[in-house]
Amino acid sequence: MSVVSTMEILSDAFARRYGVAAFNIVNDLTLEAVISAASELRAPLIVQTSVKTVKSIGLRPLYAMFRAFAEPAPIPIALHLDHCPDRAMISACLAQGYNSVLFDGSHLPSVEENKRQTLEVVAEARRAGAHVEGEIEGITGVEDGIGSDLLADIYSLETAVDFVRSTGVDVFAPAIGNAHGVYKAEPVLDVQRVSDIVAQVPVPICLHGGTGLSPRQFDDLIARGCAKVNISTALKLAYMRAHRDFFERHPEHGDPPTLMKFVRERVLATAKEHIALFHSEGKAA
Ligand code: 13P
């Protein structure tokens with residue numbers, strides 16, 4: 001199975017209304033853990049990286065590491081670049097072999113300019129055999145240095161539909177009251193917006209800000225067309241807290257592989273919990 005195109009994964013998920021976990025990984029440990037989690041549950045997987053992660057590891061070593069872990073896996077896996085406003089970074093990742101990119105033009109001065117640039121990104125991605133996620137509204141919350149805590153302007157349904165149609169993006173990420181990071185209050189989601197968009201342009205919807213949503217919210221949104229479900233903060237917290245817990249238990253421990261094994265188990269368990277919520281075979285497992 002191993003590495004396949006993003007739309008090979010998402011077309012099936014969208015048609016059959018299940019969700020595919022798109023996990024933001026930060027290093028080899030988190031990459032291996034999410035691939036093992038999805039493999040154990042026989043679920044397809046999207047591995048995604050923020051621009052910050054690409055810069056911290058380096059594009060070539062990161063891509064080589066992805067291929068090395070993904071190729072032997074018994075499940076379909078795609079590599080996706082999360083929120084990227086930087087066209088040069090988009091080009092570099094497409095040239096390196098990423099399966100898809102999220103061109104984040106939500107900061108641009110107008111939707112028209114976002115459309116113009118997204119069209120260019122779609123053309124570039126097609127030449128590379130890759131796919132594109134698009135967005136017109138910033139998702140609330142700063143993730144790896146990108147985004148804003150301010151509530152974004154929400155555009156009309158017509159504007160959103162026109163953006164998807166005229167750019168030809170493969171996946172669309174609307175703002176529906178979701179937010180990156182830890183929800184400070186119970187999120188009030190405009191789930192109808194997902195149904196309204198999908199009714200007019202049947203493209204898989206990406207649900208950003210997955211951390212902290214309830215199983216019922218996931219079920220409802222996936223049934224409406226959110227085939228790609230982004231999870232970052234939950235994994236980061238599992239990773240960070242595992243380090244803290246390990247050193248609380250073993251303050252003088254000096255063996256990194258023992259620490260890494262402990263952290264990996266926590267990240268793997270968190271990934272499995274999420275996959276099991278989104279994917280039917282994962283649910284049955
Ligand atoms: P969380 O950090 O809330 O899980 O959101 C992830 C995300 O949407 C990545 O783009």
Side-chain angles (χ1 to χ4, degrees), residues 6 10 19-26 30-31 33-34 37-38 45-56 78-86 89-90 93 98-107 131-149 151-152 169-190 193-194 204-215 217-218 221-222 225-241 266-267 269-278:
T6 299
L10 289 181
V20 177
F23 289 122
N24 290 62
I25 58 101
V26 294
T30 49
L31 171 63
V34 299
L45 173 69
I46 295 175
V47 169
Q48 55 189 20
T49 66
S50 68
V51 172
K52 191 176 185 178
T53 296
V54 177
K55 288 183 177 164
S56 81
L79 180 62
H80 175 80
L81 178 66
D82 200 16
H83 295 278
C84 183
D86 174 357
M89 176 63 85
I90 296 255
C93 289
Y98 269 62
N99 301 104
S100 50
V101 294
L102 166 50
F103 172 58
D104 186 345
S106 60
H107 63 290
H131 296 109
V132 177
E133 180 180 330
E135 69 175 279
I136 52 176
E137 297 125 353
I139 308 290
T140 307
V142 179
E143 185 112 282
D144 279 359
I146 292 181
S148 158
D149 281 328
L151 276 180
V169 290
D170 306 285
V171 182
F172 184 57
I176 54 166
N178 46 341
H180 291 138
V182 175
Y183 286 100
K184 296 178 182 87
E186 178 79 14
V188 180
L189 300 178
D190 183 359
R193 189 156 195 247
V194 173
I205 299 297
C206 176
L207 173 61
H208 282 256
T211 298
L213 298 183
S214 69
Q217 285 171 318
F218 284 128
L221 286 161
I222 289 168
C226 289
K228 177 172 180 277
V229 186
N230 285 7
I231 304 290
S232 175
T233 301
L235 286 190
K236 285 187 198 167
L237 289 177
Y239 181 85
M240 303 297 279
R241 286 174 180 157
R266 292 281 191 88
V267 175
T270 304
K272 279 176 75 172
E273 277 164 26
H274 284 88
I275 294 167
L277 292 174
F278 312 151

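Just so you know, these numbers use all the heavy atoms, side chains as well, and skip hydrogens, waters and symmetry mates. Note that ligands are numbered from 1 as they come in the structure, with each ligand's atoms numbered from 1 the same way. Owing to the predicted nature of the structure, the values given are computational and were not obtained by experimental measurement.
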>> For atom 8 (O) of ligand 1, what's the nearest protein heavy-atom neighbour? Residue, atom name and distance, please.
In response: G209 N, 2.8 Å

> Side chain or backbone of A179 under 4.0 Å from ligand 1, or both, or neither, by non-hydrogen atoms?
Replying inline: backbone

>> Counting C-beta onward and ignoring hydrogens, is there a side-chain heavy-atom pair between D170 and S100 closer than 4.5 Å?
In response: no

> Considering only protein heavy atoms, which is closest to atom 4 (O) of ligand 1, and at what distance to one decimal place?
Replying inline: T211 OG1, 2.5 Å

>> Can you tell me which portion of N24 lies within the under-4.0 Å heavy-atom range of ligand 1? Options are side chain, backbone, both, or neither.
In response: side chain

> Do L102 and H80 have side chains that get closer than 4.5 Å, going by heavy atoms?
Replying inline: yes

>> Any atom of ligand 1 sitting under 4.0 Å from a heavy atom of A234?
In response: no

> Considering only the protein, which heavy-atom contact is closest to atom 2 (O) of ligand 1, and what is its distance?
Replying inline: T233 OG1, 2.5 Å

> Applying a 4.0 Å heavy-atom criterion (strictly less than), which segment of N230 is in contact with ligand 1: side chain, backbone, both, or neither?
Replying inline: both

> Counting only heavy atoms, which portion of K236 has something under 4.0 Å from ligand 1: side chain, backbone, both, or neither?
Replying inline: neither

> What residue and heavy atom of the protein are closest to atom 6 (C) of ligand 1, and at what distance?
Replying inline: E143 OE2, 3.1 Å

>> Is there a side chain to side chain donor-acceptor pair (under 3.5 Å) between S56 and T53? Walk through the geometry before answering.
In response: CA-CA 5 Å; S56 81; T53 296; 5.1 Å; no

